[in-house]
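Quick caveat, the model's predicted, so the values are computed rather than measured. Residue indices begin at 1 and follow the sequence shown.
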Amino acid sequence: MDRIEATNELSFRVGFSGHSGHLRVEPISTVERSDPVNSLPDFILPPAFPRETPESIKTYVEETYLSPRLDPEEFSPEKVGRQWDFDWFGRAKVPLEPSLPRSIVVPTWELPFRRQKKGLMQEIWEPKSVQVDVSELIVGAQDSLPRIAGPAKDFLRGSINNRPFRPGGLDESQSLERIHPEGASNGEWVREVLNGGPAQAVTPSLKKGLDLGNLKVYPSSWNVYKDQSSIKSTSDEKLGELSVQFDDLFMKAWEDDIVPEYEGDGPLSEAESVKLEDESNKADVSSSPNEPELSLLDDILSVESGGSTTKLDGISDVGGQQKQQAWAVTGGGEGIAECFHELVPDMALDFPFELDKFQKEAIYYLERGESVFVAAHTSAGKTVVAEYAFALASKHCTRAVYTAPIKTISNQKYRDFCGKFDVGLLTGDISLRPEASCLIMTTEILRSMLYRGADIIRDIEWVIFDEVHYVNDVERGVVWEEVIIMLPRHINFVLLSATVPNTVEFADWIGRTKQKEIRVTGTTKRPVPLEHCLFYSGELYKICENEEFMPQGFKTAKDAFKKKNLTGVGGGSGSYAGVPAAIDGRAQRREHSNRGKQNKHSGSQNLGNFTGTVGGNRNYGNSQNNWGSRRSDASLWLQLINNLSKKSLLPVVIFCFSKNRCDKSADCMYGTDLTSSSEKSEIRVFCDKAFSRLKGSDRNLPQIVRVQSLLHRGIGVHHAGLLPIVKEVVEMLFCRGVIKVLFSTETFAMGVNAPARTVVFDTLRKFDGKEFRQLLPGEYTQMAGRAGRRGLDKIGTVVVMCRDEILEESDLKHVIVGSATRLESQFRLTYIMILHLLRVEELKVEDMLKRSFAEFHAQKKLPEQQQLLMRKLAQPTKTIECIKGEPAIEEYYEMYSEAEKYDSAISEKVMQLPAAQQCLTPGRVVVVKSTSAQDHLLGVVVKAPSANNKQYIVLVLKPNLPVTAQSPLASINSQDKRNADFPEGYFMVPKAKRALEEDYCSSVAPRKGSGVINIKLPHCGAAAGTVQQLLELKSDGNKYPPALDPKKDLKLKDMNLVGAYNKWTDLLEKMSKNKCHGCIKLEEHIKLAKEIKKHKEEVNALKFEMSDEALQQMPDFQGRIDVLKDIGCIDADLVVQIKGRVACEMNSGEELICTECLFENQLDDLEPEEAVALMSAFVFQQKNTSEPSLTRKLSQAKKRLYDTAIRLGELQAQFKVQINPEEYARDNLKFGLVEVVYEWAKGTPFADICELTDVPEGLIVRTIVRLDETCREFKNAAAIMGNSALYKKMEIASNAIKRDIVFAASLYITGL
């Protein structure tokens, strides 16, 4: 069809569409024109969508997103009645935790007499409300109450974003004024009531109040005074003062109006009334004089009341009086045991046995809500106090926390308490029933909860610290101090400890730190008395009984040793027969000690350590020596066990001080069987049931098979190298009494509550990681305390093995009856502690340092120092009035003091020069420095030092000295500025002033006082001539004759000494030009200047001692702060950065190395198995291990991590932190189990990975379990960093290592 021309050349064509012949008009492209304007068509097609306007967009958004409507597809009429197969509420993304408000409305507390009254009577208080910023409540929080609760998921463990609760005992709290206004603490609010006004009957937020009746106005004037001398106290003390003032004010009115029955006997005294009010809620005690049978009870309560009053008085005095306050209260328990059931009529927990005296005292104090420190021997019954604290927490609907230093104790206590209380368990790898009211956890978990501000802290009423003497542990003792310092003030303490010498001192530190009294109780009496014996040559010799050493028993053992020794030497059986056995034994012990240090895992070479016999020791070079030692060792153990068995002293715990020694000693008893057939059956059934939870290959591990064969014969082994499940089987069987002999390391005494009939010490020496040393008395007492089972044995037996020698009597006395180790602070700064505290503005690191046990004595003296400082500042300042105008004496005195220092330093050095020795010959004139007067004395050397007497004898001239006066000299300076040290001397006075008997003699006592040296001089000879010459020299006009020049005459060549001499001469020259030089009042003014300067120095020294700069660890703190700034954990304003927040998550490894490893992405190129293998270096503990065989990738990663540690060590050394970079890297990175963990993560069976290393199986399991916790920490760190790949990698790694025997559940938790 031809083209149809349209208007303005708009082209289109008409065609047919389909088969029906419909016409269709289709536009075609227009003809191109050169002018683009003319190319536009006359009309444009309308747009596909209408033009958008703000109104149209708003309408669209409202209809699409803001108007609620049902889904037309799901809710169509066709689908009416349909039931969906998924949970709508589970799919809904509803935020369960609402966001925290930025501000809240709180009521303001007004004093009753200050409120505005609308009428005459206003009994209902309508408080005003104000808007308060939430951050203010959190910052000023004194305890857990004002802080806003966090999310539910952080209730237990807390969050790094939370602020810790304010520790109890901190001063300068702004919240005190907010919680208790000034008027509420000084009694002013009672004015209105005293003047006849209405009492505050209705409390805010309550509809109904107390009906106090009509109180009439007392017809007398009442004056309420505020004690201006009182210092600010804590809120508890203020409330205490308030209650006493209230009682005093209303006592008379109550006696007259409300209590008329007392009128017959006269009114009560003030003290009795206060006493009644204080104790009314603690015991049902009548104060009526008609009940004399309760007088003893009254005495107890009066003692308690008096003690609290003393506390208030001691604190309200001026600063220094606080020194009288003792926070550790030891007395006041007399009579509590006799009247216990009247004092505590409704016990929270009944015991099926009669309580001991100290237990009753502790329970009474717990009922009063006081903190308690219980010190008693092992098995004395300290756990009773912990159980009662649990019962009180359940009764009060609060929580109690039991902390233990060792995970084994936690597991065992969980089993013990499970049947009695609502118990939960929290350790690094286990979280059982955390919602329980009684929680058992390790101390590290509690510290983490405190730093991370876990909301569960609000509910805790009691924290029970078991084995408090563990604070002496070098590695972990600091954790205990941190926890004690960080606990909020609403939490009370129950501290359980073995007997230590400074129990009161430690309790006083806790009380002073937390500003609350600590009741100290306990007993030194053992429930089962001990007898100590020596085992030598098959016989037992008793050497100690009832804590008293028995010299006669020791002498008997010594005689037996001498007799046997002499017999052996005389017989000459064997080579070297003449060598005493004792000396030979010591030589062998040294030899084997050195071997033990070189290789801890050598098989049999340690066998002879401390064990050899005379015959075995003499067989030098014999290849059968080792076998001989084993045989003799076995026969020795058989002798001992047969001896104990005959005397019915089994079961026995034998303490050996190495894992290898335990295993070898048990293995050498291969022919001994101590169990009956019924006991064998019980052991077999128990072991089968316990090990049935392991898979097949794990049940056949060499260690499990070996230990089972020992157990069937009644022999057990217990040490850290055993698998956890094996250790638990041994512990449980020993508690059942079927194991008769247990070879154990000292951890058994600390971690397991399993007493025996007898305890045996293989030796009294141990290796403590650094050196071999003798046991400490505290360590011996802890282990010996396992002897004697309460209720079964009348006496416990402790045996010390003696092989080829017997210890000295003094050594035995020191170990057995010596004083236990004192509790000493192991507090040290760690980076994670600094970072946690820097997150909290109101709690500074300096506060933590001040409150540590190490600074206790220095902080205790602060009130005295403050008083002394106030006295010194109050002294009138002395002024120097110069007669020559402006005083210049201070400048002169500074030069004078400096010149004195140079003078003494030069004199001391010059005296040692050979030229000076040559000059000091008889006849040399010297100037003697006088300590009592400013004027020095002339003298002459009369005798030089000799072989017998190393002193110079000097004749000293002193005019105007009284007859026969003798005055010792402190030092003698020669005129050429030399120093001769004389301890004593006599002055020679002129002839006219002396008595006749002193004409010819001057005597000087030698330094050690061994005799008197007399120098005889002729009557008219040298003495008279010398005196005359000295007098002539003195009267020449010059004060002293010219001195020798050190540089020219004495050949002084030392550069430092010459420089000091030149400075000294320059100072003398400047002094001579000063206007004070030669002044008639110079001596008087110098004395004044000296006093003024001394006063200033004393004031500055006191200020320094009271400042933060005087803290012992302050230099270390400054260095660590510089390190954290350098690596970017904090900025210049000490604000914690993201790197610091990541470091706060690192608890199991060294925080700086872990953080740098993450931020340098060292784990990114590693597979999950390789990453977790490398991370084992952070948690593995053993130093000496076999070298692992690593892949190339792991070797590179290992070198990279080690280089990072070296760099961090060098950085710390650069900032004066006491660290050796090489030791720092070695101590914090131990790569001994990298290969083992790598294979384990890849799925290798446990039996196979044990073949890759010489590390015991128990340590492998412990490392992998701790490694799971490290993975969790790295995962949290990855979430903070936003590294999702690392987060996923740590999840995979954690799942890879959590399997089989390594994570087998504890028997204590799951039961059997």
Salt bridge between [X] and [Y], side-chain N to carboxylate O under 4.0 Å?
X: Glu467; Y: Lys382; answer: no
X: Arg415; Y: Glu728; answer: no
X: Glu809; Y: Lys558; answer: no
X: Lys563; Y: Asp559; answer: no
X: Lys727; Y: Glu731; answer: no
X: Lys813; Y: Glu808; answer: no
X: Lys1183; Y: Asp1227; answer: no
X: Lys525; Y: Asp356; answer: no

Over all atoms of both residues, closest heavy-atom pair of [X] and [Y]:
X: Gly785; Y: Ser379; value: O-OG, 4.3 Å
X: Val729; Y: Ala690; value: CG2-CB, 3.7 Å
X: Ile739; Y: Gly716; value: CG2-N, 3.8 Å
X: Cys533; Y: Lys542; value: SG-CA, 4.0 Å
X: Ala754; Y: Phe734; value: O-CE2, 3.6 Å
X: Leu711; Y: Ile683; value: O-CD1, 3.1 Å

With a 4.5 Å heavy-atom cut-off, do [X] and [Y] have their side chains touching?
X: Thr745; Y: Cys662; answer: yes
X: Leu644; Y: Asn642; answer: no
X: Val717; Y: Leu742; answer: no
X: Ser658; Y: Phe767; answer: no
X: Ile795; Y: Asp793; answer: no
X: Glu682; Y: Thr675; answer: no
X: Leu534; Y: Leu540; answer: no
X: Asp762; Y: Phe657; answer: no

Check: Does the pair Val385 and Thr521 meet the rule for a side chain to side chain contact (heavy atoms under 4.5 Å, CB included), with working shown?
Finding: CA-CA 11 Å; Val385 185; Thr521 184; over 6 Å; no

Point-to-point distance, once rounded to the nearest 0.5 Å, from [atom1] of [X] to [atom2] of [Y]:
X: Ile406; Y: Thr747; atom1: CD1; atom2: OG1; value: 7.0 Å
X: Cys687; Y: Met732; atom1: SG; atom2: CE; value: 12.0 Å
X: Met783; Y: Arg786; atom1: CE; atom2: CZ; value: 11.0 Å
X: Phe761; Y: Cys802; atom1: CZ; atom2: SG; value: 12.5 Å
X: Asp804; Y: Ser537; atom1: CG; atom2: OG; value: 12.0 Å
X: Ser1186; Y: Asp1254; atom1: OG; atom2: CG; value: 4.0 Å

Going by distance alone, is a donor N or O of one side chain under 3.5 Å from an acceptor N or O of the other, for [X] and [Y]?
X: His532; Y: Tyr780; value: yes
X: Asp663; Y: His719; value: yes
X: His814; Y: Gln774; value: no

Checklist line | Aromatic contact, Phe506 with Phe853 (centres under 6.0 Å) | finding: yes

Check: Just one of Phe743, Tyr670, Phe535 clears the ring-ring contact (aromatic ring centres under 6.0 Å, His included) bar with Trp637, so which one?
Finding: Phe743

Check: Can Val798 and Glu531 be said to form a side chain to side chain contact (heavy atoms under 4.5 Å, CB included), step by step?
Finding: CA-CA 6 Å; Val798 183; Glu531 63 175 18; over 6 Å; no

Next item on the list: Measure up the Phe748 and His718 rings against each other and bin them: parallel (under 30°), tilted (30 to 60°), perpendicular (over 60°).
Entry: perpendicular

Notebook entry, point to check: Within 45° of the axis and under 6.0 Å from the centre of the six-membered ring of Phe655, does NZ or CZ of Lys766 qualify?
Noted result: no

Next item on the list: Count the heavy atoms belonging to other residues, nucleotides or ligands that lie under 6.0 Å from CZ of Arg526, then report whether that count exceeds 12.
Entry: yes

Check: [Y] main-chain N/O paired with [X] side-chain donor or acceptor under 3.5 Å:
X: Gln826; Y: Glu475; value: no
X: Arg757; Y: Gly788; value: no
X: Glu679; Y: Ser676; value: yes
X: Thr503; Y: Thr499; value: no
X: Asp768; Y: Glu771; value: yes
X: Asn411; Y: Tyr1308; value: no
X: Gln703; Y: Leu723; value: yes
X: Arg822; Y: Asn502; value: no
X: Arg713; Y: Met669; value: yes
X: Ser645; Y: Ile641; value: no

Checklist line | Criterion salt bridge (Lys or Arg N to Asp or Glu O under 4.0 Å) on Glu481 and Arg476, from CA distance to verdict | finding: CA-CA 10 Å; Glu481 290 192 53; Arg476 297 172 58 203; over 6 Å; no

Item checked: Val520: which of Thr330, Asp508, Leu495 passes side-chain contact (heavy atoms from CB on, under 4.5 Å) -> Thr330

Item checked: Evaluation steps, side chain to side chain contact (heavy atoms under 4.5 Å, CB included), between Ser665 and Ile654 -> CA-CA 10 Å; Ser665 298; Ile654 301 175; over 6 Å; no

Next item on the list: May I have the step-by-step check of ring-ring contact (aromatic ring centres under 6.0 Å, His included) for Tyr536 and Tyr541, ending in yes or no?
Entry: CA-CA 8 Å; Tyr536 178 72; Tyr541 300 92; 7.2 Å; no

Notebook entry, point to check: After noting the C-alpha distance and the side-chain angles of Ile704 and Val726, does the key distance pass the side chain to side chain contact (heavy atoms under 4.5 Å, CB included) rule?
Noted result: CA-CA 7 Å; Ile704 292 180; Val726 175; 3.9 Å; yes

Next item on the list: Assess whether salt bridge (Lys or Arg N to Asp or Glu O under 4.0 Å) is satisfied between Arg765 and Asp811, documenting all intermediate values.
Entry: CA-CA 11 Å; Arg765 289 175 62 83; Asp811 293 339; over 6 Å; no

